Amino acid sequence: MAKCQVVGLSINPYQGGGAATDHIVHLLDLTRWLLNDEVRNIYAELDTKFYDIDVEDCGMVSAELESGIIVSIDPSWSRPPKRFLLGGM
């Protein structure tokens with residue numbers, strides 16, 4: 001497994017969570033705001049596949065909004081070691 005590039009609270013299962021906690025809350029909040037819609041149903045599958053850490057580092061989330069729109073969110077930390085950085089991210 002590759003060395004985890006994520007550090008700090010994000011990889012502490014007792015203080016931060018993992019990829020799901022790190023990404024999903026922000027992306028789903030933005031989606032709700034942009035579409036002015038609420039979630040009716042949500043389904044997620046999460047796992048640890050990329051790094052040797054105690055929290056999930058990948059997953060897939062599907063959400064059905066009240067309007068019937070289906071949203072997919074990939075909360076994975078599956079970044080290649082060499083990648084284009086924009087604003088240090």
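This structure is a prediction, so every number in the text was calculated from the model and none was measured. All residue numbers in this chain count up from 1 along the given sequence. Side chains included, hydrogens not; waters and symmetry mates left out as well; all remaining heavy atoms used.
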Student: Is there a donor-acceptor contact under 3.5 Å from the side chain of Ser76 to the main chain of Gly59?
Tutor: yes

Student: What's the spacing between Asn36 CG and Glu66 CD if we round to 0.5 Å?
Tutor: 12.0 Å

Student: Please report the shortest heavy-atom distance between Ile53 and Thr48, naming the atom on each side.
Tutor: O-CG2, 3.8 Å

Student: Using the test side chain to side chain contact (heavy atoms under 4.5 Å, CB included), find all partners of Ile42 that sit at least two apart in sequence or belong to another chain.
Tutor: Leu28, Val39, Val61, Ala63

Student: Please identify each residue that fulfils salt bridge (Lys or Arg N to Asp or Glu O under 4.0 Å) with Asp74, with sequence neighbours left out.
Tutor: none

Student: List for me each residue that meets side chain to side chain donor-acceptor pair (under 3.5 Å) alongside Arg32, sequence neighbours excluded, and say none if there are none.
Tutor: Asp29, Glu38

Student: Measure from the side-chain N and O atoms of Asp57 to the backbone N and O of Phe50, and report whether any donor-acceptor pair falls under 3.5 Å.
Tutor: yes

Student: Residues two or more places apart in sequence or in another chain: which of them pass side chain to side chain donor-acceptor pair (under 3.5 Å) with Asp54?
Tutor: none

Student: CG of Leu35 to CD1 of Ile69: how many Å apart, nearest 0.5 Å?
Tutor: 5.0 Å

Student: Do Ser67 and Asp37 pass the side chain to side chain donor-acceptor pair (under 3.5 Å) test, and can you show the C-alpha distance, the side-chain angles, and the key distance before you say yes or no?
Tutor: CA-CA 7 Å; Ser67 65; Asp37 208 347; 2.4 Å; yes

Student: Can you tell me how far CD of Glu56 sits from CG of Leu46, rounded to the nearest 0.5 angstrom?
Tutor: 5.0 Å

Student: Listed by chain and number, what are the side chain to side chain contact (heavy atoms under 4.5 Å, CB included) partners of Leu30, not counting sequence neighbours?
Tutor: Trp33, Leu34

Student: Can you name the side chain to side chain contact (heavy atoms under 4.5 Å, CB included) partners of Asp47, sequence neighbours left out?
Tutor: Lys49, Cys58

Student: Please round to the nearest 0.5 Å and tell me the distance separating atom CD1 of Ile70 and atom CZ of Arg40.
Tutor: 8.5 Å

Student: Are any side-chain N or O atoms of Ser72 and backbone N or O atoms of Ser62, one a donor and one an acceptor, separated by less than 3.5 Å?
Tutor: no

